[in-house]
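Input: a single structure, listed below in structure tokens.
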There are 2 protein chains.
Amino acid sequence: MAVAQDTELVGSLVQLMHKLQDLYAESSRPLGLTPQQAHLLCVLLAGPFGMTELSRIMSIERSSLTSMVDRLERRELVERQPDPADRRACRIALSAPGTELAHQAHTAYTDRIAELTAGLPATQRKAVVAAIGVITES
Amino acid sequence: MAVAQDTELVGSLVQLMHKLQDLYAESSRPLGLTPQQAHLLCVLLAGPFGMTELSRIMSIERSSLTSMVDRLERRELVERQPDPADRRACRIALSAPGTELAHQAHTAYTDRIAELTAGLPATQRKAVVAAIGVITES
DNA sequence: TATTGTTATACTCTATAACTATA
DNA sequence: TATAGTTATAGAGTATAACAATA
């Protein structure tokens with residue numbers, strides 16, 4: 001069966017996820033951020049988003065996001081800006097120090113992964129990117 | 001530089017991690033488990049472990065584990081068994097219903113991943129497993 | 001009426017520090 | 001003294017349900 005053939009690959013993917021999660025946590029912590037906060041800041045590097053949109057991107061409820069944004073806003077890492085087109089809505093944007101910290105978090109994390117994958121030859125690297133593309137886009 | 005070459009692969013890996021995390025959460029929830037609880041139960045499928053060993057495996061502090069085990073023990077999914085060789089220690093073991101639920105969680109999750117990777121040919125599958133091995137064993 | 005975001009509430013996850021009992 | 005595990009405490013993440021303001 002298909003499932004039986006998949007066993008090895010699936011197991012690898014599970015281990016990989018846990019490894020990446022650990023790296024993410026280890027990279028965020030020295031910056032004073034939880035992994036979820038680091039994730040949110042990095043998402044915001046792509047530009048301001050509304051709460052509903054952010055909650056969809058991060059796969060969490062809007063009300064959960066409200067508390068996260070509250071905490072980050074208290075630390076002046078993000079700002080709630082009024083949405084000129086809709087008075088109910090707001091746009092969450094990085095402050096200057098938030099942007100700086102987001103870049104640091106992104107760099108810390110990607111550097112760690114880059115170290116891990118440094119040993120892979122270009123061909124293998126390409127193969128993995130292609131395979132992952134199939135997985136993430138489905 | 002090495003980092004620049006890694007950009008595409010690193011980005012892929014980050015997206016993959018988030019995708020897998022979402023799948024994990026979606027698979028655990030209908031079973032009444034948080035992703036962390038599902039993880040713990042699945043680890044215990046490999047046999048009973050002491051608290052210190054479990055905390056190392058799961059990368060969390062022993063005290064955090066204590067509360068998790070408390071909650072699962074209240075639901076009679078795991079049991080604290082005395083360690084015959086050391087009266088300070090205990091061994092965390094799955095109960096019969098815990099074992100059943102752990103299998104369900106494992107199946108639910110691996111089935112979801114198996115679906116995602118069903119389109120990959122055997123050669124690509126092998127290449128990915130090999131590459132992931134390099135990453136997770138470093 | 002539908003949507004945006006917040007509030008109230010309850011649980012879970014997690015870490016740090018201090019502790020007990022045993023090795 | 002060192003180790004296994006727990007307790008106490010605090011903060012963060014998350015969901016559900018109910019709500020206010022605007023579309």
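Below, chains carry the letters A, B, ... as their sequence lines are ordered, and counting in each starts from 1.
Side chain of B:Lys19 to main chain of A:Ser138: a donor-acceptor pair is present (N/O by atom type, distance under 3.5 Å, no hydrogens or angles). Checking side-chain atoms of A:Ser64 against main-chain N and O of A:Ile60 turns up no donor-acceptor pair under 3.5 Å. Checking side-chain atoms of B:Ser59 against main-chain N and O of A:Asp22 turns up no donor-acceptor pair under 3.5 Å.
Base engagement by B:Glu61 is indicated by at least one non-hydrogen atom pair under 4.0 Å involving a base atom. Note on A:Arg62: a base of the nucleic acid sits closer than 4.0 angstrom, heavy atoms only. A:Asp83 comes within contact range of no nucleotide atom at all, as no heavy-atom separation falls under 4.0 Å. Contacts of B:Arg91 with the nucleic acid, taken as non-hydrogen atoms under 4.0 Å apart, are absent.
When the P atom of C:dT12 is taken as reference, atom CG of B:Leu65 falls 15 Å away, rounded to whole Å. Here the P atom of nucleotide D:dA12 and the CG atom of A:Leu41 are 14 Å apart, to the nearest Å. Per the geometry, NE2 belonging to B:His39 stands 13 Å off P belonging to C:dC13, to the nearest Å. As rounded to whole Å, 17 Å separates atom C1' of D:dA4 from atom CD of B:Gln81. A:Arg56 has its CZ atom 11 Å from the P atom of C:dT4, to the nearest Å. To the nearest angstrom, P of D:dT22 lies 10 Å from CG of A:Asp86. Taking atom CE of residue B:Met58 and atom P of nucleotide C:dT12, one finds them 16 Å apart after rounding to whole Å. For the pair B:Leu54 CG and C:dC13 C1', the interatomic distance rounds to 16 Å; values are reported in whole Å.
Of the candidates D:dT14, D:dG5, C:dG5, the closest approach to any side-chain atom of B:Cys90 belongs to D:dG5. For B:Ser63, counting side-chain heavy atoms from C-beta on, the closest listed nucleotide (D:dT22, C:dA15, D:dA12) is C:dA15. Comparing C:dC13, D:dA12, C:dA23 by their nearest atom to the side chain of B:Met68 picks out C:dC13. Side-chain proximity of B:Ile60 to C:dA15, C:dA2, D:dA12: nearest is C:dA15.
A donor and an acceptor atom never sit less than 3.5 Å apart when one is taken from the side chain of A:Arg88 and the other from the base of C:dT4. Contact of A:Ser64 with D:dA15 (side chain to base): a donor-acceptor pair of N or O atoms is detected under 3.5 Å.
Residue A:Asp70 is the one, among A:Asp70 and B:Gln37, whose nearest nucleotide of DNA chain C lies closer to the 5' end (criterion: closest heavy atom). In terms of position along DNA chain C, the nucleotide closest to A:Ser67 lies nearer the 5' end than the nucleotide closest to the other residue of the pair A:Ser67 and B:Gln36. The residue among A:Ala85 and A:Thr34 whose nearest nucleotide of DNA chain D is located toward the 5' end is A:Thr34.
Within a 6.0 Å radius of CD in B:Glu76, no more than 12 heavy atoms belonging to other residues, nucleotides or ligands are found. Counting non-hydrogen atoms of neighbouring residues, nucleotides and ligands closer than 6.0 angstrom, the NE2 atom of A:His18 exceeds 12 such neighbours.
Neither OP1 nor OP2 of D:dA12 sits under 4.0 Å from any side-chain N or O of A:Arg74. Considering only side-chain N and O atoms, A:Arg80 lies under 4.0 angstrom from the phosphate OP1 or OP2 of C:dT6. Taking side-chain N and O atoms only, A:Arg29 has no distance below 4.0 Å to OP1 or OP2 of C:dT14. For C:dT6, one of the phosphate oxygens OP1 or OP2 lies less than 4.0 angstrom from a side-chain nitrogen or oxygen of A:Thr66. Between A:Thr52 and C:dG5, a side-chain N or O to OP1/OP2 separation shorter than 4.0 Å is present.
Looking only at side-chain heavy atoms (C-beta outward), B:Leu44 and B:Thr99 stay at 4.5 Å or farther from each other.
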